[in-house]
Amino acid sequence: MSAVQQTASDGLEARELRFLQRLATVAAATQRPEELVDLVIRETTSALGTDVCSLYLVEPGATGRLILTATNGLRRDMVGRVAIPIGQGVTGWVAQTREPALVPDVSIEPRWKWVPGLDRDEFRSMLSVPVEAGPRLVGVLNVQTVERRNFHLGDVDFLRAIAGQVAGTLERSEMHRRLVVQLAEVELSQTIHESFTQLALEGGGPAPILAAIAKLAGGRPRMYAPDGHLLVGSPGLATADRQVRLPVDLLLPGVRERRIKVGKPAVTVDVIAVRDSSRLFGFLIADVADGEVPAARHRALEHGATILALEMSKERATAEIERRLRGDLVEELLTANLDPEEAERLARQAERLGHHLPRAAWVVVVELDGEASTGSLNDNRLDNALGELRRAHAPNALVLARTSSAVVILPVDAAPQLTKVEELVGGLLRRLERQFGPASAWAGVGSLVSSVEDLSRSYSEARQALRLLRRAGGAGRQASYRSLGVFRLLLEVQRPEAVRSFVQDVLGGLLSYGQNRSTPLVETLEALVDAHWIRTAAARRLGIHVNSLTYRIARIEELIQLQLSDPEARVAVSIALQAQRLLADTPRSRSRRPAVRS
């Protein structure tokens, strides 16, 4: 090598060394990778004597692509828009093999792949090296020239040294970014934890917890029972959101969280099971909105569901203790033959439980039918409905909720008149039927009592009214003891044998005749009583000609040995039919007119 060449080579190496020193200084001082990229793109071309320098970085995530991040000779508007699959073209091959590529002429290079809108015809030669941080590929660094150039190993080493500085800075910057993100997540988790822990300690119930979830995660959070009925909602919740249809697999123990669509129109929601180790309390649901921070939302929903489960568990435990104590008290109150001393003891016990024992009260018995009674085991909706009745209308009422029935001791100050009792009970039944379905709830109301000792009598009357209502099968779903009419007299007869004997004396011949025959004579007699003994009205009820009715009446009179034109005979027959219904083992046909008015 000549002295001139040696001097030029030394000068080039000195420039390269100064560039690398300056690059290392900037890399050590900056936490902003864009500053380093700007320096690399701006000065690498002059340091290497090239016309273009471009940096491609691996796209985040498992995409397998390189994204154009910076360039000083190609179209800048393509930055961030050009994506090269790893393994494709010269740049993709370098990323795949982690080897440098020295291309004197791209026009005859088999690995070259033209990128429309980015590459230009005048650029002929190319040097490309991988940007690596230890075992991890960060990207690819390219330089290009217009004039044909045979790059040598010194060029490769120099560009690799630059790529190493870029990789180190980007790696430190990525570590710094991850630390910042992790710190933010820790701070967020701490904020969420402190917020929900404070709510759990304050014991404000599910509503404040949902308000905290709304603040931290957004999306109108609400809680539903396992069957999709709303338990606690956000303010302004639409009527359509009162019940949702949830996938059955969410009930499985291992399923914790899902993103599904519910409602009409369909809305995307996150659903998280609210459960402890053994019980599913329900589901926390929150709408998914644009622009949400997934990490913050996920943590808020997870923490919120956990605190809701804790709160529901505490509420269930507290309610169960109170229910048992209250149940024991109500059971004693409904025990017959209470003496004044026992009544006074129960009054004091009620005071200790926070209840003012009513001296004058009504007793109401509520029952559920079929599937409704099974469902109440799972979600306590019967107890919840009774609790709402107490909160809204009768805070001093005593309630005993069982599996499929309940007893309510309603103070006279909450319902001074029977009409008010019927109004409150009607509202309760409508609420239960909205939850459990039509014809799912019944209620009986005893008479007003003015002493604790008489509560057992009112309870017995309410049960009797309910039993006769269900046997009558009428359209009404509640009955009071006062509405039973002649049944009240029959119920007061202490010996059922006496009632059976009376029925046999009056209707025995007719009943015996109908036992072995398919005959409409009993139904004919009932239609006559219901029509107040007007034959034309009874015939219309039965759908027969009045002459046919007259023939049947003659046959009935022959069998019972009474003349139905006799007023005393009519009274006896009416009472006997009522007594027969009272003694019947099966409910009367629901197509007939109910014997009990509701």
Side-chain angles (χ1 to χ4, degrees), residues 438-439 442 444 461 464-598:
W442 306 71
E461 293 170 351
Q464 290 169 346
L466 178 57
R467 177 163 57 93
L468 292 172
L469 171 66
R470 300 190 68 166
R471 284 188 176 182
R477 313 303 293 179
Q478 65 168 299
S480 65
Y481 186 73
R482 185 183 296 179
S483 69
L484 296 183
V486 71
F487 273 121
R488 292 173 60 181
L489 296 176
L490 296 172
L491 289 169
E492 294 298 331
V493 178
Q494 299 299 315
R495 293 175 55 248
E497 292 78 10
V499 179
R500 292 192 181 94
S501 176
F502 173 72
V503 172
Q504 184 65 29
D505 289 344
V506 178
L507 302 176
L510 179 62
L511 297 175
S512 298
Y513 179 78
Q515 282 182 348
N516 301 317
R517 298 172 179 82
S518 177
T519 171
L521 295 182
V522 174
E523 288 81 356
T524 299
L525 192 55
E526 290 174 337
L528 271 170
V529 173
D530 289 345
H532 305 291
W533 302 98
I534 301 173
R535 294 192 179 194
T536 54
R540 283 195 301 270
R541 287 171 179 262
L542 293 169
I544 62 175
H545 194 274
V546 70
N547 292 338
S548 299
L549 178 66
T550 300
Y551 169 78
R552 292 183 185 182
I553 289 174
R555 185 64 178 136
I556 291 170
E557 290 177 336
E558 179 184 345
L559 291 169
I560 65 175
Q561 295 297 303
L562 291 172
Q563 294 298 314
L564 296 182
S565 58
D566 182 358
E568 291 187 7
R570 290 181 175 183
V571 172
V573 167
S574 298
I575 295 175
L577 285 174
Q578 298 276 45
Q580 173 65 13
R581 295 169 187 169
L582 179 64
L583 296 171
D585 293 329
T586 57
R588 192 180 171 203
S589 171
R590 296 193 175 191
S591 64
R592 302 173 191 153
R593 182 178 177 180
V596 180
R597 293 174 298 166
S598 59

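Residues: numbered from 1 along the sequence shown.
In this structure, the separation between CG on Leu542 and CD on Glu523 is 8.5 Å, given to the nearest 0.5 Å. For the atom pair CD1 (Ile556) and OH (Tyr513), the distance works out to 10.5 Å, reported to the nearest 0.5 Å. Note: Leu511 CG to Leu559 CG = 10.0 Å, rounded to the nearest 0.5 Å. Here Ser574 contributes atom OG and Asp530 contributes atom CG; the two are 9.0 Å apart, rounded to the nearest 0.5 Å. The CD1 atom of Ile544 lies 5.0 Å from the CG atom of Leu549; values are rounded to the nearest 0.5 Å.
Side-chain atoms of His532 do not come within 3.5 Å of backbone N or O of Ile534 as any donor-acceptor pair.
Residues Ala527 and Arg541 come closest through the heavy atom pair O-CD, 4.1 Å. Among all heavy-atom pairs drawn from Glu557 and Ser565, the shortest one is OE2-N, 4.3 Å. Residue Ala479 comes nearest to Ala465 through the heavy atom pair O-CB, 3.8 Å, listed as atom of the first residue, atom of the second, then distance. Nearest heavy-atom pair, Gln563 versus Ala569, reported as atom, atom and distance to 0.1 Å: O-CB, 3.3 Å. The shortest heavy-atom contact between Arg535 and Val546 is CB-CG2, 4.3 Å. For Val503 against Ala576, the heavy-atom pair with the smallest separation is CG2-O, 3.8 Å.
Evaluated for a side chain to side chain contact (heavy atoms under 4.5 Å, CB included) with Leu510, the options Thr524, Thr519, Leu525, Val573 yield exactly one hit, Leu525.
The side-chain heavy atoms of Trp533 and Pro567, taken from C-beta on, include no pair separated by under 4.5 Å.
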